[in-house]
Amino acid sequence: MELRKPYCDRRFESTAAATLRNNGAAKGTTMTLSDQPVRVRIAPSPTGYFHLGSARTALFNWLYARHTGGKFILRIEDTDRSRFVPGSLQDIMDSLAWLGLDYDEGPGVGGAYGPYFQSERLPLYHEWAERLIEAGHAYRCYCTAERLDALRAEQRANKSHVIGYDRHCRTLTRAERAELAASGATSVVRFAMPMEGETHFTDLLRKIKPFDNNQYRDPVLLKSDGFPTYHFANVLDDHFMAITHILRGDEWLSSVPLHVNLYAALGWEVPAFAHLPLILDPSGEGKLSKRKKKGEGDEELLTHIREYREAGYLPEAMFNFLANMGWAYSPDTDLFTRAQAIARFDIADINPAAGALPLSKLQWMNGHYIRELSPEELTDRLLPFLSRASGRPEAELARHPGLPYVAPLVAERLKTLDEAWPWVDFVFQDHIVYDPALLIPKGLDAAGALAALQASRRLLAELPFAEAELDPALRGLADRLGLKPGQVFGILRVATTGKNVAPPLFGSFMALGQARVLARCAEAEKLLETRMAI
RNA sequence: GCCCCCAUCGUCUAGAGGACCAGGACACAGGCCUUUCAAGCCUGGUGCAGGGGUUCGAAUCCCCUUGGGGGCACCA
């Protein structure tokens with residue numbers, strides 16, 4: 001079996017070995033990118049808040065850098081001035097920090113390969129565009145947007161197999177060029193893609209068939225506003241930033257031949273590619289970013305990291321969850337720490353198949369991580385959410401005597417932090433409002449409920465007000481009244497919390513304090529008396 | 001339409017020709033526990049898309065079909 005497969009057979013080859021071959025070590029190059037320390041990057045554009053899919057890509061890049069002891073770089077692709085969204089750069093940085101994905105080079109950190117904003121690298125792109133033009137690998141195109149639109153429309157109408165630019169300006173004569181340039185017509189720079197042959201490349205995760213060059217149309221390198229397109233800036237920057245591995249979304253796969261030919265025209269070595277599986281909408285229909293659809297239930301589907309943060313997801317849960325999509329830490333468990341993930345992560349283990357976002361698993365996982373928090377830690381994390389829900393300052397809530405009781409009361413009941421307030425609002429409210437009918441449990445009438453309430457209040461007034469005392473005392477009382485404990489507890493639950501579904505009763509009592517428990521019982525008695533009088 | 005990628009329970013996944021009548025997790029169902037709701041514990045059902053090969057042996061390798069996804073911009 002001497003047949004050499006173009007695909008990396010994982011049994012015999014490490015990722016590094018595959019990378020080596022991918023990068024042309026066979027050609028006898030003495031120093032290839034794969035000999036260099038790992039340098040990976042993410043290159044989000046500040047055109048919106050940091051996306052969940054971008055976060056997963058960032059996470060895999062970060063894991064690979066940390067696993068190999070390499071560098072993780074943040075580069076901002078701010079080449080589309082029309083789509084720039086103020087605040088999105090800050091959101092990208094905040095989201096990365098929140099997820100704990102620290103970068104070694106980039107905005108706010110610096111580094112030896114800067115600048116890390118593409119808008120600050122314009123001279124570089126212009127210089128190399130000129131070189132490509134001189135070498136005959138690129139040319140100026142004077143076609144208008146209108147012409148291009150009409151061209152595409154016509155191609156679609158004719159059911160043309162190839163849709164895109166017709167290379168009109170590629171064959172312009174020297175005189176025609178001079179005339180157009182002199183007329184002041186705006187132009188872009190296009191890459192002269194090979195019109196024949198095929199482009200071969202390898203991917204660390206998939207088996208790639210060669211692409212026919214003739215299905216590609218000469219892509220724009222430099223836009224008429226002087227900014228580079230993604231294709232150009234990305235190739236130049238990855239080269240000059242010494243990027244060794246490109247881990248990016250699968251949606252880029254079909255533009256790799258463009259990039260590979262650009263690298264070739266430039267005479268540069270091609271980094272290793274790993275195109276990551278896309279995260280699909282929870283329904284499995286389409287890329288997550290494409291449309292903002294409804295998620296499970298009637299909740300709106302969250303697509304930005306900041307939305308998950310605001311909804312009360314924990315960064316440790318988010319990290320675990322994201323790393324668990326397309327990659328698995330262990331066959332036996334889905335739960336793992338950052339350190340564990342770093343220790344085991346390998347590009348070759350990424351599952352190439354796109355997958356639907358398993359939101360219910362995220363909710364479970366978040367609940368799990370909430371329950372792992374100490375009561376003090378959970379209290380700290382809950383405070384901003386309680387404040388937001390109640391409209392009261394955090395400092396005021398922090399001073400509330402009931403606050404320390406809250407975390408243990410809700411920990412087992414939460415999937416997200418923002419669910420806490422409805423469970424414990426009664427602790428912070430001066431008055432509770434509820435339907436008096438709730439005070440009457442099954443099998444009892446108003447008079448019976450009133451009697452139980454009065455007896456309970458007398459008992460609660462005398463008892464040492466400690467959780468361990470309350471339970472046996474009230475059970476004894478129920479027994480003496482000929483009631484089930486659940487009946488008495490139910491009446492007291494409604495009287496003190498205003499709800500028939502609430503946290504455990506005696507913990508709630510402690511959160512309220514004896515005085516308020518007694519007062520609420522008395523109020524409930526009045527409600528029952530009123531009701532009976534009608 | 002053309003090109004490319006992908007394919008294991010409903011969903012996320014383990015699986016590297018024999019250790020697989022396919023393992024874990026979420027979700028779901030039943031039970032236990034129980035003062036409500038949860039949490040926790042136990043049990044259960046459900047899957048290798050289909051068809052051809054290769055092989056003594058295929059979830060695993062090859063081909064075809066089907067299905068899903070992505071791309072085809074002066075957006076990234």
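A, B, ... follow the sequence lines: proteins, then strands. Residue 1 opens every chain.
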Under 4.0 Å protein heavy-atom contact, by nucleotide of nucleotides 39-52 of chain B - B base, S sugar-phosphate only: SS------------

Along RNA chain B (nearest heavy atom to each residue), the more 5'-positioned of A:S254 and A:D80: A:S254

Touch class at under 4.0 angstrom, heavy-atom based, for A:L253 against every strand present: sugar-phosphate

A:P107 to A:L74 - nearest heavy-atom pair and separation: CD-O, 3.4 Å

Same-atom distance (C1') from B:A29 to B:C72, integer angstrom: 47 Å

Any A:K484 side-chain N or O less than 4.0 Å from OP1/OP2 of B:U36: no

Atom P, compared across B:G51 and B:U66: separation rounded to whole Å: 15 Å

Nearest-angstrom distance, C1' atom, B:C41 to B:C33: 8 Å

Ring pair (Phe, Tyr, Trp, His ring centres under 6.0 Å) involving A:F60 - partner list, sequence neighbours excluded: A:F345

Interface with RNA chain B, restricted to residues 494-504 of chain A and to heavy atoms under 4.0 Å: A:N500, A:V501, A:A502, A:P503, A:P504

Interatomic distance at P, B:A7 relative to B:C61, whole Å: 9 Å

Whether A:F273 and A:H275 hold their rings parallel, tilted or perpendicular, with breakpoints at 30° and 60°: parallel

Gap in Å between the two C1' atoms, one belonging to B:U46 and one to B:C6, rounded: 24 Å

Euclidean distance for C1', B:G44 against B:G1 (whole angstrom): 49 Å

Under-4.0 Å side-chain N/O to phosphate OP1/OP2 contact, A:N324 with B:A25: no

Polar pair under 3.5 Å, donor/acceptor by atom type, side chain A:K361, base B:C12: yes

Spacing of the P atoms in B:U13 and B:A49 (rounded, Å): 15 Å

Side-chain N or O of A:K223 closer than 4.0 Å to phosphate OP1/OP2 of B:C75: yes

Side-chain (A:T57) to main-chain (A:G53) donor-acceptor, under 3.5 angstrom: yes

5' priority, RNA chain B, between A:P277 and A:W423 [closest heavy atom]: A:P277

Spacing of the P atoms in B:G68 and B:U60 (rounded, Å): 22 Å

